[in-house]
Amino acid sequence: MNKHDLIQKLSLQMHPEGGYYSEAYRSSMMIETDRVGQKRSAMTSIYYLLTDDSPIDYFHINKSDIMHYFHGGYPVTYLLIPPNGTLQKCKLGLNLANGEKPQLLVPGGYWKAAVLEAGEFGLLGEGVAPGFDFRDMEIAQSEDFRQRFPDSWDQLAPYIKP
């Protein structure tokens with residue numbers, strides 16, 4: 001399969017963070033939160049695809065924990081910034097001998113970006129708990145990021161949505 005086949009067969013659409021996605025599951029079980037609108041699905045799951053023509057998942061932060069699963073294609077590199085501000089990198093893929101991981105937990109409150117550094121596509125899955133809601137997500141803004149992370153700005157700037 002190629003990226004066009006995956007986009008069609010998984011009914012993927014462009015995501016505001018970059019890449020393509022489709023929601024595969026949304027729990028009908030609702031839970032109370034302290035967030036805007038209060039109630040959230042207990043869990044949601046999406047397919048997420050980065051491609052050679054849309055290779056960046058731009059920096060954003062989510063209030064929920066997100067488990068990322070590598071499904072296929074080429075490895076995807078994650079850039080993570082926990083609340084302490086220290087930049088971390090992790091590569092999602094199946095080459096365990098080279099340090100790749102098949103899954104990655106990104107706790108709520110971490111800034112994250114991802115990039116497909118080579119190849120036609122990287123296909124991922126994401127499980128979100130409490131379930132994903134756009135009200136719980138914020139996309140990074142250049143000036144804010146430059147002020148928050150001045151020592152890492154040169155590394156982070158390519159992953160801020162223009």
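The shown structure was predicted, so the numbers you read here are calculated from the model rather than taken from an experiment.
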Item to complete: Assess whether side-chain contact (heavy atoms from CB on, under 4.5 Å) is satisfied between Leu124 and Leu49, documenting all intermediate values.
Response: CA-CA 6 Å; Leu124 310 169; Leu49 180 72; over 6 Å; no

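Atom CZ of Phe70 sits in a crowded spot, with more than 12 heavy atoms from other residues, nucleotides or ligands closer than 6.0 Å.
Among residues at least two apart or in separate chains, ring pair (Phe, Tyr, Trp, His ring centres under 6.0 Å) pairs with a member in residues 21-41 are His15-Tyr21.
Between Leu116 and the options Asp57, Leu50, Thr77, a side-chain contact (heavy atoms from CB on, under 4.5 Å) holds for only Leu50. Of the options Tyr159, Trp153, Trp111, a ring pair (Phe, Tyr, Trp, His ring centres under 6.0 Å) to Phe145 is made by Trp111 and by none of the others. Of the options Val106, Leu104, Leu105, a side-chain contact (heavy atoms from CB on, under 4.5 Å) to Cys90 is made by Leu104 and by none of the others.
No side-chain heavy atom of Met29 sits less than 4.5 Å from a side-chain heavy atom of Met43. Contact annotation: the side chain of Tyr20 never approaches that of Leu123 to less than 4.5 Å [non-hydrogen atoms, C-beta and beyond]. Side-chain atoms of Arg148 and Asp144, non-hydrogen and from C-beta on, do get closer than 4.5 Å to each other. Residues Ile81 and Leu156 form a side-chain contact, since some pair of their non-hydrogen atoms from C-beta on lies under 4.5 Å apart. Considering only heavy atoms from C-beta on, Tyr69 stays 4.5 Å or farther from Pro102 through its side chain. Contact of the Val115 side chain with the Val76 side chain is not registered, since no non-hydrogen atoms from C-beta on lie closer than 4.5 Å.
Minimum interatomic distance between Ile160 and Ser142 (heavy atoms only, all atoms of both residues): CG2-OG, 3.3 Å. When all heavy atoms of Arg40 and Gly131 are compared, the pair lying nearest together is CD-O, 4.0 Å. Smallest separation of non-hydrogen atoms from Asp65 and Gly108: OD1-N, 2.8 Å. Summarising the geometry of Gly37 relative to Arg135, their closest heavy-atom pair is CA-NH1, 3.7 Å, with the distance given to 0.1 Å. Taking all atoms of both residues into account, the shortest heavy-atom contact from Tyr78 to His68 is OH-ND1, 3.0 Å. Closest non-hydrogen pair, Tyr47 versus Ala24, comes out as CE1-CB, 3.9 Å.
Asp52 is linked by a salt bridge (Lys or Arg N to Asp or Glu O under 4.0 Å) to Lys3, counting only residues two or more places apart in sequence or in another chain. Evaluation of the salt bridge (Lys or Arg N to Asp or Glu O under 4.0 Å) rule for Glu23 yields Arg26 as partners, not counting sequence neighbours. The side chain to side chain donor-acceptor pair (under 3.5 Å) test applied to Lys91 returns Glu117, not counting sequence neighbours. Annotation: side-chain contact (heavy atoms from CB on, under 4.5 Å) contacts of Pro158 (sequence neighbours excluded): none. A search for salt bridge (Lys or Arg N to Asp or Glu O under 4.0 Å) contacts involving Lys39 returns Glu32, not counting sequence neighbours.
Between the Asn98 side chain and the Asn95 main chain, no donor and acceptor come within less than 3.5 Å of each other. A distance-only check finds no donor-acceptor pair linking the side chain of Ser41 to the backbone of Thr44 [under 3.5 Å]. Put simply, the side chain of Lys9 never gets that close to the backbone of Met1: no donor and acceptor are under 3.5 Å apart. Checking side-chain atoms of Ser22 against main-chain N and O of Leu10 turns up a donor-acceptor pair under 3.5 Å. Proximity of a side-chain donor or acceptor of Gln88 to a complementary backbone N or O of Leu80 within less than 3.5 Å is not detected. Judged by distance alone, with hydrogens and angles left aside, the side-chain atoms of Gln141 form a donor-acceptor pair with the main-chain N or O of Ile139 at under 3.5 Å.
Remark: Phe121 CZ to Asp5 CG distance equals 9.0 Å, nearest 0.5 Å. The CD atom of Gln103 sits 13.0 Å away from the CD atom of Glu126 when rounded to the nearest 0.5 Å. Taken to the nearest 0.5 Å, the NZ atom of Lys112 stands 7.0 Å off from the CG atom of Asn62. Annotation: the span from Leu6 atom CG to Ser11 atom OG amounts to 11.5 Å, rounded to 0.5 Å.
At a cut-off of 3.5 Å, with distance as the only test, a side-chain donor of Ser64 or Arg35 sits close to an acceptor on the other residue. Checked by atom type, the side-chain pair Lys161/His60 shows no donor-acceptor distance below 3.5 Å.
In this structure, Tyr48 is a member of the same hydrophobic cluster as Ile66, with clusters built from ILVMFWY side-chain heavy atoms closer than 4.5 Å. There is a path of hydrophobic side-chain contacts, each under 4.5 Å, that joins Ile56 to Phe149.
Ring pair Phe134/Phe132 is perpendicular by interplanar angle, where above 60° counts as perpendicular and below 30° as parallel.
The existence of a salt bridge linking Asp133 and Lys63 is excluded, since no basic side-chain nitrogen approaches an acidic carboxylate oxygen closer than 4.0 Å.
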